[in-house]
Amino acid sequence: MLTDIIKNRRTVRAFKDKKVERETLEKLLMYASMAPSNGNAHPVEFLVIDDKEKIDELSNMDSYSTLYLKECPCVILFMGNTELSTTWLEECAIDASYFQLLAEEEGLSTSWINVVRGNTSGKISYEEYFEKNFGVKKPYKPMCLIPVGYKKRGTKAHEDFDVTSKVHYNEF
């Protein structure tokens with residue numbers, strides 16, 4: 001049930017040394033691509049990075065937040081074609097969220113690294129970094145990295161909480 005998947009999905013940064021099959025990734029990315037799209041434009045594309053040297057390069061992108069990628073078997077860059085849709089950013093976020101839930105259902109774990117704005121520890125923009133190191137050129141813009149793999153250890157499920165203080169009806 002989707003509610004169980006949402007409750008159990010947690011950010012994971014420690015992965016087993018176990019390959020994620022490309023067939024599995026392509027299936028999950030296909031379903032993630034079925035997310036809503038403004039005017040059916042589907043501006044989201046994916047760069048699957050499963051080469052160990054390329055992942056090592058990614059792990060050094062930032063001084064702290066990407067170091068854990070060294071032991072991740074696969075990282076997916078979600079990016080949008082800015083010429084196809086003005087809502088590429090939102091659509092990337094929706095596709096990435098769908099992907100994370102689908103991965104959890106498949107027994108895989110994920111985390112999220114924002115690369116839509118900001119700079120690497122080397123002080124170059126993420127956009128420039130992905131162009132230089134991975135060939136991502138305009139009109140494509142990077143949005144997030146989703147590391148994906150089999151988690152090393154268990155994680156605690158979310159607990160139910162009272163949402164009523166955050167819910168407003170008819171006016172704020």
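Bear in mind that the values here come from a model prediction, so they are computed numbers and not experimental data.
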Given side chains that start at C-beta, do those of [X] and [Y] come closer than 4.5 Å, heavy atoms only?
X	Y	value
T66	L58	no
M61	V115	yes
H42	L84	no
V44	N81	no
F99	L29	yes
P36	I94	yes
I49	I76	no
P147	I113	yes

With rounding to the nearest 0.5 Å, note down the distance linking [atom1] in [X] to [atom2] in [Y].
X	Y	atom1	atom2	value
E71	I55	CD	CD1	11.0 Å
D95	E90	CG	CD	12.0 Å
K19	C74	NZ	SG	10.0 Å

Run the side-chain contact (heavy atoms from CB on, under 4.5 Å) test against [X] and tell me which residues pass, sequence neighbours left out.
X	result
E127	S125, K138, K141, P142
E26	none
K70	D56, S59, N60
Y150	K16, K18, V20, L108

Task: Steps toward ring pair (Phe, Tyr, Trp, His ring centres under 6.0 Å) verdict (F78, F46) - done: CA-CA 5 Å; F78 283 71; F46 318 97; 5.1 Å; yes

Task: Test applied, side chain to side chain contact (heavy atoms under 4.5 Å, CB included); reference residue, V148; option that passes from L25, L28, V48, V75 - done: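 Considering L25, L28, V48, V75, a side chain to side chain contact (heavy atoms under 4.5 Å, CB included) with V148 is found only for L25.
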
ring-ring contact (aromatic ring centres under 6.0 Å, His included) partners of [X], counting only residues at least two apart:
X	answer
Y129	none
F134	F130
F15	none

I need the minimum non-hydrogen distance between [X] and [Y], along with the two atoms involved.
X	Y	answer
L101	I5	O-CG2, 3.6 Å
P43	S85	CG-CB, 3.8 Å
Y126	N119	OH-O, 3.3 Å
K151	V12	CB-CG1, 3.5 Å

Task: Full working for side-chain contact (heavy atoms from CB on, under 4.5 Å) between E45 and Y140 - done: CA-CA 9 Å; E45 294 201 24; Y140 294 93; 2.9 Å; yes

Residues that [X] engages under side-chain hydrogen bond (donor to acceptor under 3.5 Å, both in side chains), provided they are two or more places apart:
X	answer
S37	E91
K7	D160
S165	none
D50	R22

- [ ] With side-chain contact (heavy atoms from CB on, under 4.5 Å) as the test, would you mind laying out the steps for L47 and M79 before giving the verdict?
- [x] CA-CA 8 Å; L47 176 61; M79 59 189 151; 3.8 Å; yes

Open item on the list: For S65, is there any backbone N or O sitting under 3.5 Å from a side-chain donor or acceptor partner on D62?
Closed with: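 Answer holds: no.
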
Are [Y] and [X] co-members of a hydrophobic cluster defined by side-chain heavy atoms under 4.5 Å apart?
X	Y	result
F161	L2	no
M1	L102	no
M34	I6	no

Task: Enclosure of K166 NZ (heavy-atom neighbours >12, cutoff 6.0 Å) - done: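 At most 12 heavy atoms, drawn from other residues, nucleotides or ligands, come within 6.0 Å of this atom.
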
Task: D51, CG atom: more than 12 neighbouring heavy atoms under 6.0 Å - done: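 Counting neighbours around CG of D51, more than 12 heavy atoms of other residues, nucleotides or ligands fall under 6.0 Å, so yes.
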
Open item on the list: Taking side chain to side chain donor-acceptor pair (under 3.5 Å) as the cut-off, I'd like each qualifying pair that reaches into residues 99-116, sequence neighbours left out, listed once.
Closed with: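 Only R9-T110, K27-E106, Y68-S111, Q100-T110 qualify under side chain to side chain donor-acceptor pair (under 3.5 Å).
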
